[in-house]
Amino acid sequence: MINAPQTQQELLQNANRLAGKTLVHLAQIMHEKPPQDLKKQKGWCGQFIERCLGADGGNLPQPDFSTLGIELKTLPISPHGLVQESTYVSVVNLKGALGQNWRESVVYQKLKQVLWVPIAHVKGQSLLESRIATPFFWSMDSTQERLLRQDWENVMDKVSMGEIHQISARMGEVLQVRPKAAHSRVITETINEDGESSQTLPRGFYLRSRFTQSLLDRALKR
DNA sequence: GAATGATCATAT
DNA sequence: ATATGATCATTC
């Protein structure tokens, strides 16, 4: 369960073995002690599942299973199968936006193939009591790609024009942009309307939950 | 309640 | 600071 999978099939088999288990149970199997305050360790669950499945991407801007080109994403759901949160994809490149190509973008590279691991959390219960639901593999179809690409290009057009202040989370049918930083005083370099270097809050691309919901619904039907 | 903007932990 | 993993919490 810890060695990096060599094939997609192997990864899917490993992932399916997680289904039905609670996070505490899994942690026991992995000989890991879960953190005390899961409210603060927001990313623990995702990184824990990465360890369970042998992801090797590290925190580099590339898919978690680099040789397979497959990204791993946990998906918080309610016991009824309702997606509870948006899904972080990658940071927005705020410099040198000009000439960036959709298919070469980190967003496309990471979303091209995703292993979704839904995790059912009962409201009021500890996150550790959450149960891994049935993982599912997704590769974007042409319709989904059109939507994602449109949203991505609209954002990158604004970035390349230096109009970052015009970007808000209200933009985007399926892919939105929101702050991505430790706090609101963090700054990163960008290019303003006059082509000069300036500073702004780092942003990230996020999938709207209604989009990931549609992926989950389709996976359950099949 | 959902959505947007803010934030927390960790590694490099 | 930049990237990963995300969810929190205030606003609407």
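Per chain, numbering begins at 1; letters A, B, ... match sequence-line order.
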Donor-acceptor contact below 3.5 Å, side chain [X] vs main chain [Y]:
X: A:K21; Y: A:R17; value: yes
X: A:Y206; Y: A:S209; value: no
X: A:Q176; Y: A:S168; value: no
X: A:S66; Y: A:P63; value: no
X: A:E50; Y: A:A55; value: no

Aromatic plane relationship, A:W116 with A:F136 - under 30° parallel, 30 to 60° tilted, over 60° perpendicular: parallel
So does [X] have more than 12 non-hydrogen atoms from other groups sitting under 6.0 Å from [atom1]?
X: A:Q125; atom1: CD; value: yes
X: A:M171; atom1: CE; value: yes
X: A:Q166; atom1: CD; value: yes

Whole-Å distance separating the [atom1] atom of [X] from the [atom2] atom of [N]:
X: A:D56; N: C:dG5; atom1: CG; atom2: P; answer: 12 Å
X: A:F48; N: C:dT7; atom1: CZ; atom2: P; answer: 15 Å
X: A:R210; N: B:dA3; atom1: CZ; atom2: P; answer: 7 Å
X: A:E173; N: B:dA3; atom1: CD; atom2: P; answer: 12 Å
X: A:W44; N: C:dC8; atom1: CH2; atom2: P; answer: 14 Å
X: A:Y88; N: C:dT2; atom1: OH; atom2: P; answer: 12 Å
X: A:E189; N: C:dT2; atom1: CD; atom2: P; answer: 8 Å
X: A:H183; N: B:dT7; atom1: NE2; atom2: P; answer: 8 Å

Verify same cluster id: A:V174, A:I167 (apolar side-chain graph, 4.5 Å): yes
Any side-chain N or O of [X] below 4.0 angstrom from OP1/OP2 of [N]?
X: A:Q47; N: C:dT4; value: no
X: A:S209; N: B:dA2; value: no
X: A:R208; N: B:dT4; value: yes
X: A:K110; N: C:dT4; value: yes
X: A:Q176; N: B:dT4; value: yes

So if I take residues 64-87 of chain A and measure heavy-atom distances to DNA chain C, which residues fall below 4.0 Å? A:D64, A:E71, A:K73, A:T74, A:P76, A:E85, A:S86
In plain terms, say whether A:R218 and A:D141 are close enough for a salt bridge, that is, a side-chain N and a carboxylate O under 4.0 Å apart. yes
So, A:R103 and A:E145, do they make that salt bridge, N to O below 4.0 Å? yes
Report each atom pair, protein N/O against N/O of nucleotides 10-12 of chain C, whose distance is under 3.5 angstrom.
none

If you look at every strand shown and take non-hydrogen atoms under 4.0 Å, does [X] touch a base, only sugar-phosphate, or nothing?
X: A:L38; answer: nothing
X: A:G43; answer: base
X: A:P61; answer: sugar-phosphate

Terminal axis angle for the helix from B:dG1-C:dC12 to B:dT12-C:dA1, five pairs an end, nearest 10 degrees: 30°
What nucleotide among B:dA6, B:dG5, C:dA9 has an atom nearest to a side-chain atom of A:K39? C:dA9
